Amino acid sequence: MKLGLAIEELHRSETHLARTLLAVSDRHAADHEIFHVARDIAGWSRRHVTELARIGRDFDVELDPEPPEDRGVLERIRQTASDLLGRRPEPGLLLLADLRHVHREAAGVSMDWELLAQAAQGARKRELFELARRSHPDTLRQMRWANAQLKESATQVLTS
Amino acid sequence: MARIDRIAEPWGTRTPYGPGEAWPVRVDTFLADGLTEDDVDRWVTSATILHSNGDGLDIAVKDGRIVGVRGRAEDRVNHGRLDPKDLYGWQANNSPDRLTRPLVRRDGELVETDWDTAMDAVAGRCRELLDEQGPSAVGFYTTGQLFLEEYYTLGLIAHGGIRTNHVDGNTRLCTATAAAALKETFGCDGQPGSYTDVDSADVIALFGHNVAETQSVLWARVLDRLAGPHPPRIVCVDPRETAVARAATVHLAPRPGTNVVLMNALLHEIVANGWVDRAYVDAHTVGFDELEERLRDYPPEVAEQVCDVPAAQVREAARVLGSAQRLLSTVLQGFYQSHQATAAAVQVNNLNLVRGMLGKPGCGILQMNGQPTAENTREAGADGDLAGFRNWSNDAQVADLARVWNLDPFDIPHHSPPTHAMQMFRHAEEGSLRFLYVTATNPAVSLPELGRIRSILAQERLFLVVQDLFLTETAQLADVVLPAATWGEKTGTFTNVDRTVHLSEKAVDPPGEARSDLDILIDLARRLDLRDKDGAPLVKWSDPEGAFEGWKECSRGRPCDYSGLSYARLRERNGIQWPVTEDAPEGTERLYVDGRFYAQPDYCESYGRDMVTGAPLDDVEYKALNPDGKAVLKAAEYLPPHELPGQEFPFQLITGRTLYHFHTRTKTGRAPQLRAAAPEVWLEMAASDAADRGWGEGDLLEVTTPRGRVEARLRISGIRPGVLFLPFHYGWWDDPDALERGRAANELTPTDWDPVSKQPIFKTAAAAVARLAASDGVPSRAPTTTASRPVVADVPPTRGGDVALVTEREGTR
Ligand code: SF4
């Protein structure tokens, strides 16, 4: 059975998505909604990573249960001279690129969840299926967030 | 007839009444300088302007000056009573430091000029930027204190004329979450309940709503119920020991930032104990199964852990809510200005829905607002939404608005959600918004993280216009300052929290060359030469009544329908609740009677948003969720607040208001009785926290967060341990040194907002506190009559004395 491989792949892609979201948050500390929401929803991927590592054991895969570290908001605020950064015009274009990137990655993760759910159902692995059923909507919300933020930000960035 | 010091007794004398009875009349009058009613030349009809309650009053005029006020006995809202802010606050109109001439900045200084020069500068710069960059360069930031006619005209100019998406009001700080929560649940803004629900409710639940101070006349109504036969039980959620908390059957004081957990735990108990009205839920709502599933994670024990409220207390509160026959729920800033604002406020809607308590006497929801005309900001589109609660993501509704305005739909910006205030300031920060027109609000004191806001407003590259009564902290930073007339000096309508529309008549002339906001806006439209698609002037009116008639047409057929109202009708009977139509000429007391909502996919104002990310849903998603336009039960998961206390910043800081002041005290700070009642900023701390540090009442403390510092004297109050409270009213217009010293609470607050309502979060900052000096026995000057009541006995009580004596006359109609 290749279910172990699928879990491993998803663990990898969720870890990557969590890292990406945290990095996007860090890079756009002066765009406060991006900063906070990207961290909030990185939390979903971090949770998925832990849960995938736990369930992986049932399928004989050893995965790191520690998700990418979030050093916390206060820590970040202290490090970022956001009001200096805040005055530069280029972050707008960078933000659009970053949001596209998040969207693409989340779309990949979403695909992975779908495949895993299907396989789990086929193999009658109830617990694994439940995990996919619970987690996949989070990924869709991450995608929709990136999409909505992209649309909202684009006009001002491109018309000014 | 009695004379009573209404600073010492803010709610006045009790007039008890029982359930289902009419609230007795008590007429409050305050006149200046020992005048009596016989000395008054004229009484001019109006309503109150220093909070959101919308109490009817008459303005006393003598020799062309305002000399006092008297409550209107026949008004449905107040039955004659007035709030202390209104009894004394009118004196600010006569203040010697009113702005009387336009100012422009020349060589760094603001200097007096004439209207033509000032308006040409404003229109000229606006036109220049439109030509160079387009509408994305231009933003409008307004208030919750102008009149309906002014907002509608402003929205038309901004959306239809300049075609910018950057329009918002300071209602973003105030009532944005009320609107958002109503949109999430009912698909549309619009207050479901009515103040008359107080008359028959048997349980009144106040969620983060210190009504005793924000709407003191409404609290007087509750106090009169509490003093009468069969009083209602009160449930209060507030981390402070407010007057409401003291009167409550159950008082829950959760850790700031955890409201969603508390609400979920209350709902958990309601559902688990079968206190659900299944018939109502099945017939009139969608989403119950998802809600039930979500609630499973939130038993009272989780609330005990997260909110630090004993599980037994949560159960007790749930029992009161679950056994109510007529439940009135109200919500305000303790939820709206806190973490996960909309998600928490929506759970209050869910509470009344699952209990089937809506649209009947005593069964209501009041998602409150703080400002007198905030409702109009929302309905007329000055908060960025499209006028008449139209859905920006529904092309047919945009086309309908274009029809009303005689424009091409393409000319009305609706490509993305309106730009909220905090985002506008962000655009100004990065330099793409270069023209900001501010009306009647003071962001230099009221927005979070003031160091940042000041630096944004002070930029050379931002052209800042401020239209106000006084040279506020914000006006001091402006390129052009326009002197405006205020309440009592202009005519217009405004609508309170429970949809009551009042006409406020002009009583006296404004000082000097000050002009009404409406006149100034129409002048701006003329100078910008804004036109409709046939080349006619875009703004088709020249006076308030004309604007009102224009608005009536715009509102026709929408939930906030004013088509059955007119100035003439309001002169006959002031104070009518919208919608007012041919079918409902006397107005509408309650919305959503018999479970009929405004939520149909083609009619609703909003398709809703994701509760965590704020991403808007689209029409397809909404139609799948709610094809028949029922009420939507939206579940919400808890997320920890973004700024949590730790070693370096061990306290949670919340900010808020006091009964005696409004906003940044531009008016109340200029009324002697109000000023004296709460003259100086203070910091509240629990007795145990103070004792741990060996500090006492009146000690001079320094509060810090990663963003700034404030100096304030300590008031040891009944606040929850671990939490600090600062009132946000105190800027530096009356004390320039205060800027250096740190006096404005918003020096400390973070830049963070609810992703759904975009309302800034003022109630979850991590803070540290240190002592600068001992008090030497002098207490802080915080009021003793309100939530800031001291725990020690030897603080002199707050009194107004002879200059604050108000006449109360009971039972006259
Ligand atoms: S102080 Fe009152 S009116 Fe002002 S924003 Fe806050 S709630 Fe609204």
Side-chain angles (χ1 to χ4, degrees), chain A residues 21 25 28-44 47 70 72-80 82-93 95 102-103 106 134 137-138 140-160, chain B residues 133-137 165-166 339-340 413 415-420 422-424 426-427 429-434 448-449 451-452 455-456 459 461 609-618 621 637 639-646 648-649 705-707 750-755 758 760-761 766:
Chain A
L21 283 165
S25 169
H28 301 282
D31 274 297
H32 297 82
E33 186 168 326
I34 304 280
F35 174 65
H36 287 298
V37 176
R39 289 195 117 69
D40 287 343
I41 64 180
W44 294 339
R47 189 174 69 215
D70 177 358
V73 168
L74 270 183
E75 200 43 38
R76 281 302 314 164
I77 290 172
R78 225 186 315 257
Q79 288 171 13
T80 333
S82 77
D83 41 7
L84 294 179
L85 268 181
R87 290 294 161 76
R88 295 207 320 252
E90 317 88 75
L93 286 173
L95 177 62
V102 169
H103 189 267
R134 262 186 292 126
D138 297 338
L140 294 173
R141 292 167 78 188
Q142 289 167 326
M143 265 171 80
R144 269 193 228 113
W145 170 75
N147 183 284
Q149 279 298 339
L150 196 56
K151 278 200 226 157
E152 266 181 61
S153 315
T155 326
Q156 187 73 8
V157 173
L158 300 178
T159 62
S160 62
Chain B
Q133 179 182 327
S136 65
N165 210 19
H166 306 329
H339 179 60
Q340 293 196 282
H415 45 78
S416 62
T419 317
H420 57 94
M422 298 301 292
Q423 192 61 38
M424 271 197 253
R426 171 63 189 137
H427 290 328
E429 181 178 40
E430 40 83 348
S432 66
L433 191 149
R434 297 151 75 190
E449 201 176 347
R452 171 173 176 265
S455 77
I456 293 171
Q459 293 174 100
R461 62 184 180 181
R609 289 176 182 264
D610 186 296
M611 284 282 137
V612 169
T613 69
L617 271 62
D618 63 25
E621 291 164 304
E637 75 232 66
L639 293 176
H642 296 138
E643 217 176 277
L644 288 166
E648 201 182 338
F649 299 102
T705 70
R707 294 157 292 272
T751 304
D752 187 5
W753 56 83
D754 179 48
K758 316 299 182 187
I761 295 168

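Chain A is the first sequence line, chain B the second, and so forth, proteins listed ahead of strands; every chain is numbered from 1. Since this is a predicted model, take the numbers as computed values, not measurements.
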Evaluate the side-chain contact (heavy atoms from CB on, under 4.5 Å) criterion for residues B/Lys758 and A/Glu33: first the C-alpha distance (whole Å), next the side-chain angles of each, then the deciding distance (0.1 Å), finally the verdict.
CA-CA 9 Å; B/Lys758 316 299 182 187; A/Glu33 186 168 326; 2.9 Å; yes

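In this structure, NE2 in A/His36 is found 12.5 Å from CG in B/Leu639, a value given to the nearest 0.5 Å. With rounding to the nearest 0.5 Å, the separation of CZ in A/Arg144 from OG1 in B/Thr613 is 8.5 Å. Rounding to the nearest 0.5 angstrom, the gap separating the CD atom in B/Glu430 from the CG atom in A/Leu95 is 10.0 Å.
Salt bridge present: A/Arg141 and B/Glu637 bring a charged side-chain N and a carboxylate O closer than 4.0 Å.
Using cut-offs of 30° and 60° on the angle between ring planes, the pair A/His32 and B/Trp753 is tilted.
Between B/Thr419 and A/Glu152 there is no side-chain heavy-atom pair separated by less than 4.5 Å. You'll find the side chain of B/Arg426 stays beyond 4.5 Å of the side chain of A/Gln156, heavy atoms only.
Residue A/Asp31 touches chain B through both its backbone and its side chain, counting heavy-atom pairs closer than 4.5 Å. Contact annotation for B/Asp610: only side-chain heavy atoms (C-beta onward) come within less than 4.5 Å of a heavy atom of chain A.
Of the listed residues B/Ser432, B/Ala615, B/Gly614, B/Ser416, the one with more heavy-atom pairs under 4.5 angstrom with chain A than any other is B/Ser432. For chain A, the option among B/Met422, B/Glu621, B/Arg434 with the highest count of heavy-atom pairs below 4.5 Å is B/Glu621.
Between the side chain of A/Thr159 and the backbone N or O of B/Ser136, no donor-acceptor pair lies under 3.5 Å.
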